[in-house]
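Every chain is numbered from 1 and lettered A, B, ... according to where its sequence line falls, protein lines coming before strand lines.
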Protein chains: 2
Amino acid sequence: MQLEQIVMSLRDEGHRITPQRIAIMDYLLHTKDHPSADQVHSVVRKRYPMTSLSTVYKTLDLLREKKLVNEIEVWGEARFDAQVDEHINLVCLNCGNIEDIDEKALKNIQAKIAKKSDYLIIKGSFEMHGYCSKCKTEFQ
Amino acid sequence: MQLEQIVMSLRDEGHRITPQRIAIMDYLLHTKDHPSADQVHSVVRKRYPMTSLSTVYKTLDLLREKKLVNEIEVWGEARFDAQVDEHINLVCLNCGNIEDIDEKALKNIQAKIAKKSDYLIIKGSFEMHGYCSKCKTEFQ
DNA sequence: TATTTATTGATAATGATTCCTATTAACAAT
DNA sequence: ATTGTTAATAGGAATCATTATCAATAAATA
């Protein structure tokens, strides 16, 4: 999704477009870091020093509600990602790095479970934990 | 896994077997609640009032390290489960209820990802979020 | 340009988890 | 069975991510 589209859809729903919100969205759209709220704050602050941590939290809440960002919990901390399509998050147990990986079979599984279980399924959240390419040499 | 086996394997590794540890393990082995540390504490306390929350946390840490319990994060809170085989956790977005569901295809996916990615995969963690049978009528 | 009110920033409050340490008790050795 | 060693416990303090509060600010509209 493009920044322009996101801005328009937010504006359409009556939300105000502030420099802080643009900076946060722009950063998330262009990074693969899966940053925490605190990381978002320090990165955005470099260009927009007037951005507070409260605002970062509130903006991330808004973007999550609108399903414009995905949130996963790692080590008791929320990590954010503009990739909102169904995918698997690879989480490094050593350095905390996160990578996205696509897997077509997820859709099938999701459909199967939706049938099999008595839950009304809204979304999947799939993680695999291990050691990333940089860390794995130390741990095998 | 049976309580007896767990006790033996812990003792073999030099860990002491205390009434608190037995009570915690016994509860986890016999519930489907996926309780939080606090819930474990209050349930165990009914039978063993001398059990402290610190001890619950430390016992859960130990059991997690020994891969005798599974831990997942829901709403910023850890939830525990004696089911340690690969499975999917169904999480209710309304009441926080968690159910386990088996899905053979997970093994295939895990194998595929292990090949496809450059991560050294240790374990998977699969969740599907939605509304449980009790809650879903209010939300559709 | 003025008006309305959502948003922001700063700080306090919350709550799950971890840390700390004197006391207790499991268990091995006697 | 008794004792000694030391892991485990209790309970309170500390930590830290997140949420709540609210006066000041600035988008958006007329």
Side-chain angles (χ1 to χ4, degrees), chain A residues 3 6-25 27 34-66 68-69 71-80 91 96 98, chain B residues 3 6-27 34-66 68-69 71-80 96 98:
Chain A
L3 184 59
I6 295 177
V7 165
M8 275 177 53
S9 76
L10 287 181
R11 205 194 301 269
D12 283 352
E13 296 179 54
H15 299 288
R16 294 180 182 177
I17 306 306
T18 65
Q20 292 92 334
R21 284 178 173 176
I22 289 180
I24 291 166
M25 292 185 285
Y27 167 50
H34 298 74
S36 65
D38 209 58
Q39 283 175 281
V40 172
H41 182 227
S42 35
V43 170
V44 165
R45 224 166 212 285
K46 287 176 192 162
R47 286 200 293 160
Y48 300 85
M50 77 294 281
T51 307
S52 74
L53 185 56
S54 322
T55 295
V56 170
Y57 272 108
K58 256 171 283 182
T59 300
L60 291 171
D61 280 353
L62 176 66
L63 295 175
R64 183 175 14 72
E65 272 171 33
K66 299 301 166 199
L68 298 170
V69 302
E71 176 182 340
I72 68 171
E73 287 262 335
V74 175
W75 301 341
E77 197 181 40
R79 305 276 294 267
F80 299 88
V91 181
I98 302 176
Chain B
L3 184 57
I6 295 177
V7 166
M8 276 177 53
S9 75
L10 286 180
R11 205 195 302 268
D12 283 351
E13 296 180 54
H15 299 287
R16 294 180 182 175
I17 306 307
T18 65
Q20 292 90 336
R21 283 179 173 174
I22 290 181
I24 292 166
M25 291 185 286
D26 189 53
Y27 167 51
H34 297 75
S36 65
D38 209 59
Q39 283 174 282
V40 172
H41 183 228
S42 35
V43 170
V44 166
R45 225 169 212 286
K46 286 177 193 159
R47 287 200 292 160
Y48 300 85
M50 77 293 281
T51 307
S52 74
L53 185 56
S54 325
T55 296
V56 170
Y57 271 108
K58 254 172 284 181
T59 300
L60 292 171
D61 281 352
L62 176 66
L63 296 174
R64 183 174 14 70
E65 272 170 33
K66 300 299 167 201
L68 297 169
V69 302
E71 176 181 340
I72 68 172
E73 287 262 336
V74 175
W75 300 341
E77 198 181 40
R79 305 277 294 267
F80 300 88
I98 302 177

Distance in angstrom units between [X] [atom1] and [N] [atom2], rounded:
X: B:Glu65; N: D:dA8; atom1: CD; atom2: P; value: 11 Å
X: A:Ile22; N: C:dT7; atom1: CD1; atom2: P; value: 13 Å
X: B:His41; N: D:dG12; atom1: NE2; atom2: C1'; value: 13 Å
X: B:Arg45; N: D:dG11; atom1: CZ; atom2: C1'; value: 10 Å
X: B:Glu13; N: D:dA8; atom1: CD; atom2: P; value: 11 Å

* Approximate separation, where rounding is to 0.5 Å, of A:Met25 CE and A:Leu60 CG ->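 With rounding to 0.5 Å, CE (A:Met25) is 11.0 Å from CG (A:Leu60).
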* OH-CD distance between A:Tyr27 and A:Gln39, expressed to the nearest 0.5 angstrom ->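 Answer for the OH-CD pair, A:Tyr27 versus A:Gln39, is 6.0 Å.
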* Note, A:Glu13 side chain near A:Leu62 side chain (heavy atom, < 4.5 Å) ->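 A side-chain contact under 4.5 Å is absent here.
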* Asked: Taking C-beta and beyond as the side chain, do A:Ile98 and A:Val74 meet within less than 4.5 Å on heavy atoms?
  ->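 Side-chain contact under 4.5 Å: yes.
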* May I ask you to decide if B:Thr55's main-chain N or O and B:Thr59's side chain share a donor-acceptor pair within less than 3.5 Å? => yes
* Can you check whether B:His15's main-chain N or O pairs, donor with acceptor, with B:Arg21's side chain at less than 3.5 Å? ->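 Not a single qualifying donor-acceptor pair exists.
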* To do: Mind checking which stems touch DNA chain C? I mean at least 3 consecutive Watson-Crick or G-U pairs, both distances under 3.5 Å.
  => C:1-30 with D:1-30
Heavy-atom pair with the smallest gap, counting every atom of [X] and [Y]:
X: B:His41; Y: B:Thr51; answer: NE2-O, 3.0 Å
X: B:Gly96; Y: B:Arg79; answer: O-NH2, 3.0 Å
X: A:Ala37; Y: A:Leu53; answer: O-CD1, 4.1 Å
X: A:Val40; Y: A:Pro35; answer: CG2-CG, 3.7 Å

* Structure fact -> Nucleotide by nucleotide, nucleotides 15-24 of chain D touches protein heavy atoms under 4.0 Å in the pattern (B base, S sugar-phosphate only, - none) --SBBBB---
* Asked: For nucleotides 25-30 of chain D, read 5' to 3', which letter fits each nucleotide if B means a protein heavy atom sits under 4.0 Å from the base, S means only the sugar-phosphate is that close, and - means neither?
  -> -BBS--
* **Cationic N near anionic O, under 4.0 Å, A:Asp61 to A:Arg64** => yes
